[in-house]
Amino acid sequence: MDGLNNMQSTACAHVDGPLLILAGAGSGKTRVITHRIAYLMEHEGINPYHILAITFTNKAANEMRERVNRIVGKGAEQVWVSTFHSLCVRILMRFADRLGYGKNFTIYDTADQKNAIKNILKELQIDPKQYPEKMFMAEISRAKEQYLSPDGFERRYAADYVKMKAAEVYRAYVKRLKTCNAFDFDDLIYKTVELFEHYPDILEYYQDRFRYIMVDEYQDTNHIQFLLVKMLAKKYRNLCVVGDDDQSIYKFRGANITNILNFEKEYPDAMVVKLEQNYRSCGNILEAANAVICHNAGRKDKKLWTEKEKGEKVSYTLSESEYEEAEQIASEIAKLVRQEAEYREIAVLYRTHAQSRVLEEKLVSWNIPYKIYSGTNFYDRLEIKDVMAYMKLLYNPEDNAALRRIINVPKRGIGDASIDKIAAFANQQEISMLAAMRRPENIPGLGRTAAKISDFIQLLDSFRKILKEGESISFLYDRILEDTGYEEELINEHSDESMTRLENLDEFRNRIIQFEEERENGNLGEFLQEIALVSEADAINTEDGVVSLMTLHSAKGLEFPYVFICGMEDRIFPSAQALNSEDEDALEEERRLCYVGITRAMKKLYLSSAKCRMMHGSHNLNPVSRFVTEIPPMLLSDAGELGRMKKRQQESMPFATSQSYGLKGGGYGQNNPYKKHASYGITPSTKPAFGKEFVVNREINPEYGEGDRVRHIKFGDGTVTQLVQGGRDYEVTVNFDRCGVKKMFASFAKLKKI
DNA sequence: AGTCAGCGAGTTTTT
DNA sequence: CTCGCTGACT
């Protein structure tokens, strides 16, 4: 097969029976899947109609779709490429009635879920202080992931008081969603499995349809997804799963790594193909990745290799603070762009979003264009959700969450008290709130609000009329913005915030129009369902000519020539909770995350730590990440730094201390007041008085000047040719006897006058 | 209804 | 520190 290596071809050519492809990072996984689809069609004459490829994210699905289209040619559009959730939505849109739901169901996002739970807690008189909503949300989600109904849940945890409370809430929650004709994200899969279980004919229909099934990122599947796949594949057993146990980083949201580890137990006749040749990273980067990941126990045995050259060593930098770290990263980026790179080839990765702030600050001051991929979605914005709620309510009048959201937005004098009355009445009559509001005179105690409710109903009916007349979604959207007074309210506000909101609404309008253009006969339902299932992460693109900033998690599946991973400190990465956790695997999951991060880099990898970092308002001294020390020193570019680090690690103490901090080049670690709590779990919360010293230290001029002879730990001796004050630091240019001219920052270069 | 002080909490995230 | 939520007050 052209352009594929041996293992890749083997995987593609396996047609019948279960197949497990263990695809290491950068081993051409998507390539194999798409080529296999082509092979099935072209060599085996399999009807593309019978092929299903499942991914996790829309981004992955779109990418695969595109590549299938490109490689396969004729019939490609018939291959079903989809995420788990959109596959289930499509099935449910067809058969939801069998489960007693309307086909015009709504999809509840996490915020809707939370509100539903909140209301339930109120009704069941459960104190959210004692039992927070979050806890119930997690329990319910976990139950659904395990395919446990409220009954099943109750049976399993009968002895546990808190779980029984959860069961009670779970039961009420399920009932509530049903009356709202809504599915939450977990339901989409849960209910599909339920549908298949209760209606073998429907299952068989889909089994016959999907005779060849491929699942990408199989290590991220949870139990119910496993069940779904198992059911679908049961008849023909042509199941091909692709994944990498080393890249399983979503345990915290239910991913079950044993799905992939035990695939061969589930399917004893499975063929296993390992893809170990990496086409992405240079040798040194790959070796660093291997060195880190091999500290994990219980992995599938494999080791990535490459034919690429070793490339540069992995750069490691230890800074005094997160500011200095960010400064150093910014200056390095500036240097890279000056020399060889484009902004879009560069990514800065971190463990938590909170770390992005300082980076942002420094990038701004260096005038470096960047984009932060924050976790918040475009469609999560208040104003978007408001308008969407109108649309959702029109589509599904039983959607009480949508109704509650907009019943008084903009203000129309229907307050919380009235809403509670409506809800109580609707509950009691077992009708939707909207239905109850059609006869407000029947609802006790409403008084003058009844008239306002009627006005509101009239407004909604005018929208319904628009919809009935077959007007476009964008037309409806405009009417909603105008007739409700929503837009006017924002315009009159004249604040920065309201301007941003208006801009967002405009952007939303663009997206509606885009949908209309792409899907000529797309209706409101399809639009809403599509919106419910997309996220901003799908929009990560490296075309924009800017540096990308994102968490290590969001970087999965991406690659960049230049990758910076910052905050390489114990208690940051690996996170404090992973270090404290009883669960051994918590640390291993962090290590997998590190592996994912490292393997994003193609040409050059930069790791950095800060000795001291502000966390939750206090200074924290954290040891250098164990992951850094797991990388053999010979792969790292700053051997001197590493030597000191290793030594300190052996002494098992954090790096800097308040007293010795930076006063002289190498004197960290003496008189360490934290020595006695060097073990985990104790974070020094009393801050050492070192903010000042930091500033003082940074203002001290270098001991050398232009023309002086200096010695560098790695480059040897040289002559200072230039010394320029730049911002907080000096940029020093040295002509080294052995390796020529280097430009560096005085505080990092650690030059000694000789 | 709207604002503001005071309190508490504070990974990772898709769908 | 900083955000978000609650609750009290206007």
Side-chain angles (χ1 to χ4, degrees), chain A residues 54-61 82-89 107-114 118 128-129 132-134 138 141 144-145 183-190 192 216-217 220-222 224-225 248-255 322 349-358 373-377 379-380 382 408-418 493 529-538 540 550-557 567 571-581 586 589-590 592-594 596-597 613-620 683 685 687 691:
Chain A
I54 309 177
T55 65
F56 265 82
T57 62
N58 294 300
K59 184 182 165 64
S82 146
T83 64
F84 271 104
H85 295 265
S86 59
L87 169 74
C88 291
V89 166
I107 299 169
Y108 271 15
D109 64 18
T110 355
D112 297 324
Q113 259 178 70
K114 197 171 176 188
K118 242 186 203 164
K129 289 243 167 70
E133 296 117 46
K134 271 190 148 179
S141 185
K144 288 183 180 173
E145 273 162 13
F183 294 119
D184 65 22
F185 289 129
D186 299 312
D187 280 336
L188 294 176
I189 299 171
Y190 183 103
T192 305
D216 192 15
E217 305 279 15
D220 287 337
T221 50
N222 61 28
I224 193 139
Q225 287 160 341
S248 160
I249 54 173
Y250 285 114
K251 189 186 177 191
F252 70 90
R253 69 174 198 219
E322 72 265 38
L349 311 180
Y350 35 76
R351 179 63 235 271
T352 65
H353 286 302
Q355 291 167 255
S356 67
R357 262 179 83 145
V358 195
Y373 294 93
S374 69
T376 28
N377 280 339
Y379 300 104
D380 282 344
L382 188 85
N408 204 27
V409 176
K411 299 272 174 295
R412 47 177 74 89
I414 309 174
D416 286 347
S418 304
E493 204 185 299
Q529 257 132 29
E530 188 168 302
I531 296 290
L533 297 180
V534 302
S535 82
E536 281 315 87
D538 302 327
I540 294 178
M550 65 186 88
T551 61
L552 286 145
H553 281 91
S554 5
K556 192 169 148 205
R571 284 179 233 143
I572 300 288
F573 186 34
S575 70
Q577 31 282 317
L579 287 170
N580 287 328
S581 170
E589 176 138 329
E590 297 279 311
R592 290 193 289 269
L593 187 57
C594 182
V596 167
R613 183 179 294 273
M614 184 79 102
M615 286 172 78
H616 308 321
S618 61
H619 294 281
N620 280 65
T683 310
S685 56
K687 15 185 182 319

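- Of all the heavy atoms in A:H353 and A:Y373, the pair that sits closest is CE1-O, 3.5 Å.
- Residues A:Q113 and A:D184 approach most closely at NE2-CB, 3.7 Å, considering heavy atoms.
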Each nucleotide in nucleotides 5-15 of chain B should get exactly one letter: B, S or -. Can you fill that in based on protein heavy atoms under 4.0 Å? -----BBBBBB

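- Taking atom CD1 of A:I414 as the reference point, atom C1' of B:dA1 lies 14 Å away to the nearest angstrom.
- Taken to the nearest 0.5 Å, the OG1 atom of A:T55 stands 11.0 Å off from the CG atom of A:D220.
- When all heavy atoms are compared, the tightest approach of A:L533 to A:F185 is CD2-CE2, 3.8 Å.
- Separating the CZ atom in A:F573 from the CG atom in A:L593 is a distance of 4.0 Å, to the nearest 0.5 Å.
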When you compare the protein's N or O atoms with those of nucleotides 3-10 of chain C, which come within less than 3.5 Å of each other, and at what distance?
none

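- Atoms CD and CG, from A:Q355 and A:L349 in turn, are 10.5 Å apart once rounded to the nearest 0.5 Å.
- Between the CE atom of A:M615 and the P atom of C:dT2 there is a distance of 15 Å, rounded to whole Å.
- The NZ atom of A:K251 lies 8.0 Å from the CZ atom of A:R592; values are rounded to the nearest 0.5 Å.
- Shortest non-hydrogen contact noted between A:K144 and A:D187 is NZ-OD1, 2.9 Å.
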